[in-house]
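So you know, we letter chains A, B, ... as the sequences are listed, proteins then strands, and number each from 1. Source: prediction; values computed, not measured.
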Number of protein chains: 2
Amino acid sequence: MFTVAEENYIKAVYHLQQQQEMVSTNALSAELQTRPASVTDMLKKLKTKRIISYEPYHGVKLSSEGKKVALGIIRKHRLWEYFLVDKLQFGWDEVHEVAEELEHISSTKLVDKLDAFLGYPKFDPHGDPIPDSKGRLASQQQELLSGIPISKTVEITAVGSQSSELLELLKHKGLQMGTRLEVKKIFDFDGSLELKIKNQQVVTISRDLASVLFVKPV
Amino acid sequence: MFTVAEENYIKAVYHLQQQQEMVSTNALSAELQTRPASVTDMLKKLKTKRIISYEPYHGVKLSSEGKKVALGIIRKHRLWEYFLVDKLQFGWDEVHEVAEELEHISSTKLVDKLDAFLGYPKFDPHGDPIPDSKGRLASQQQELLSGIPISKTVEITAVGSQSSELLELLKHKGLQMGTRLEVKKIFDFDGSLELKIKNQQVVTISRDLASVLFVKPV
DNA sequence: ATTTATTTTTAGACAAACCTAAAAAATAAA
DNA sequence: TTTATTTTTTAGGTTTGTCTAAAAATAAAT
């Protein structure tokens, strides 16, 4: 139905739309590492396929059909990530590129059987919700760790970015998806936090780090 | 390293070479459903990449490097087929097309972890051997069911073709890879065989069918 | 050994997805 | 409200992998 290139554009528009309603050519160009002129070409193509609404010079957004397609791709991406971590023992910080390839395998039967095999997981290893076969996303009342008061126990559910620097830091501190922890102290001077990792050691993290970690009460 | 199109050509040369040393342009054209002119173009390209040896008008064969690449692709194809049948409950007659897509996922780490997850299987669901990480194929002393004497117990290891008609017939008779059976009678009139499926019912199959079923002693 | 038929290659085109350079539109600044 | 800057689009090219039509090489038949 769609080429790999088309699917990557659709996914990029979806992600950028989380930030702002209308997505600009330049934003897509940066996200996809292609030149603006190439983006314009593809937008014209996707418009004729009724996947996006697009008026020259005024940005794009996904049509309802486009959203469906995007959720299908994201579903595949996140299910494969879950598979790689849960079944094949990949580190959760090394699955992204492989999942970028696997998400373009077309068989819907495969996706649905994979979903069943994994036990219909609701969140991927980064804590992001996995759309179900109808495109529905589980919503999670998640908050930033930087806003959690002292002595409350929470569980890490997501990270605000996928940068390898961030993932490296989390690994070093012994933090991952599902880690339970309690905020012990908050230092007013620099906003750094002292955390007690459930039944384990105490670590200190910066305010910058606490501001990209999503948690849920437990 | 290689594009999907290149990999499909390499795989096709490998398969056709099982029949005859030198592979012709026309044979590749038929196998890949492309025109002979397109095949010639690709052969020139693969020659410069030192994947095949090719002299105009005299056919091609894989270089030793080309064989390595081919075995890598076949390894992925067969491991994925095993995964689909063993873990995702696909019928063994419906995995081929999906595996045709999955075999082009590049990560070798993925392949090796998948291999481990599956328990290093030696044969795929069609009974074909799966190359190990060094490209070695398990050889199997397999014989045709039509040559097995009465009262010997054997296990089905492979089928001589992948035609959907054959696969449908096998499914109907309750025969699949790994099925153990004993030859009960051989009717001289038409060469048909009566088989007792291990601890189950008795079925009769034609000589034509027995001539495409590979088995091993058990 | 010629002629005929088949197979294979060359030549020239096309669509997809990218590119650079230049023009046009929109936005911000003077 | 002009002018300058940034953003986006158009115009024209490139590469990959395919195609058709025609030419060349090989194989088969008389």
Side-chain angles (χ1 to χ4, degrees), chain A residues 1-14 16-17 19-62 66 69-70 73 100-101 103-106, chain B residues 1-14 16-17 19-62 66 69-70 73 100-101 103-106:
Chain A
M1 201 60 193
F2 295 101
T3 67
V4 170
E6 286 169 346
E7 288 193 351
N8 285 333
Y9 273 89
I10 295 167
K11 196 174 45 137
V13 175
Y14 181 92
L16 292 169
Q17 255 189 289
Q19 322 283 148
Q20 22 181 72
E21 177 77 357
M22 272 334 221
V23 177
S24 74
T25 300
N26 258 6
L28 281 166
S29 161
E31 176 87 1
L32 293 163
Q33 309 273 54
T34 58
R35 295 323 195 93
S38 309
V39 174
T40 301
D41 285 348
M42 182 59 93
L43 294 183
K44 283 193 269 187
K45 192 177 160 202
L46 290 176
K47 184 183 181 175
T48 69
K49 291 196 170 191
R50 304 185 175 286
I51 290 302
I52 57 171
S53 64
Y54 161 62
E55 289 308 322
Y57 295 103
H58 293 82
V60 274
K61 60 180 186 179
L62 291 175
V69 176
I73 301 165
E100 288 284 304
E101 288 190 64
E103 74 189 1
H104 302 294
I105 305 292
S106 55
Chain B
M1 202 59 193
F2 296 100
T3 67
V4 170
E6 286 169 344
E7 288 193 351
N8 285 333
Y9 274 89
I10 295 167
K11 196 175 44 140
V13 174
Y14 182 91
L16 292 169
Q17 256 190 288
Q19 322 283 147
Q20 22 181 63
E21 177 78 358
M22 272 335 222
V23 177
S24 74
T25 300
N26 258 5
L28 281 166
S29 162
E31 175 86 2
L32 292 164
Q33 309 272 57
T34 57
R35 294 325 196 91
S38 311
V39 175
T40 301
D41 286 347
M42 182 60 92
L43 294 183
K44 283 195 269 186
K45 191 176 161 204
L46 290 176
K47 184 182 180 176
T48 70
K49 291 196 172 193
R50 307 186 174 286
I51 290 302
I52 57 172
S53 64
Y54 161 62
E55 289 308 320
Y57 295 104
H58 293 81
V60 274
K61 60 179 186 178
L62 291 174
V69 176
I73 301 164
E100 288 285 303
E101 288 190 65
E103 73 189 2
H104 301 295
I105 305 292
S106 55

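One interatomic measurement links the two molecules: NZ of B:Lys44 to C1' of D:dT16, which rounds to 14 Å at whole-angstrom precision. Distance B:Glu55 CD to D:dT26 C1': 15 Å, rounded to the nearest Å. Taking atom CG of residue A:Leu28 and atom P of nucleotide D:dT7, one finds them 14 Å apart after rounding to whole Å. Rounded to an integer number of Å, the gap from CG of A:Asn8 to P of C:dA16 is 17 Å. In this structure, B:Glu6 atom CD and D:dT18 atom P are separated by 10 Å, rounded to whole Å. Rounding to whole angstrom units, CG of residue B:Leu32 and P of D:dT18 are separated by 8 Å. Distance B:Tyr54 OH to C:dT10 C1': 11 Å, rounded to the nearest Å.
In this structure, the separation between CD on A:Glu7 and CD on A:Glu100 is 11.0 Å, given to the nearest 0.5 Å. Between the OH atom of B:Tyr54 and the OG1 atom of B:Thr48 there is a distance of 12.0 Å, given to the nearest 0.5 Å. Here OG of B:Ser53 is found 5.5 Å from CE of B:Met22. Values are rounded to the nearest 0.5 Å. We find the CG-OH distance between A:Leu46 and A:Tyr9 to be 8.5 Å, quoted to the nearest 0.5 Å. Between atom CG of residue B:Asn8 and atom CD1 of residue B:Ile73 there is a gap of 7.5 Å, rounded to the nearest 0.5 Å. Once rounded to the nearest 0.5 Å, the distance linking CD1 of B:Ile51 with CE of B:Met1 reads 7.5 Å.
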Report all interatomic pairs (protein N or O, nucleotide N or O of nucleotides 3-6 of chain D) with separations under 3.5 Å.
none

Name the pairs: protein N/O against N/O of nucleotides 19-24 of chain D, kept only if under 3.5 Å.
from	atom 1	to	atom 2	distance (Å)
D:dC19	OP2	B:Arg35	N	2.9
D:dC19	OP2	B:Ser38	OG	2.7

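Listed candidates were D:dT9, C:dA16, C:dT9. Nearest to the side chain of B:Thr40 is C:dT9. For B:Thr25, taking side-chain heavy atoms from C-beta onward, the closest of the listed nucleotides D:dT9, D:dT10, C:dT9 is C:dT9. Out of D:dT26, D:dT18, D:dT8, the shortest distance to the side chain of B:His58 is found at D:dT26.
Listed by chain and residue number, B:Ala12, B:Leu16 satisfy the side-chain contact (heavy atoms from CB on, under 4.5 Å) test with B:Glu31 (two or more places apart in sequence, or in another chain). For A:Gln19, there are no side-chain contact (heavy atoms from CB on, under 4.5 Å) partners two or more places apart in sequence or in a different chain. With sequence neighbours excluded, the residues forming a side chain to side chain donor-acceptor pair (under 3.5 Å) with B:Lys61 are B:Glu21, listed by chain and number.
Stem analysis of DNA chain C (at least three stacked-register Watson-Crick or G-U pairs, each with both distances under 3.5 Å) gives C:1-30 with D:1-30.
Taking 4.5 Å as the limit, some side-chain heavy atom of A:Val60 sits within range of a side-chain heavy atom of A:Leu28. In this structure, the side chains of B:Thr40 and B:Lys44 come closer than 4.5 Å at one or more pairs of heavy atoms.
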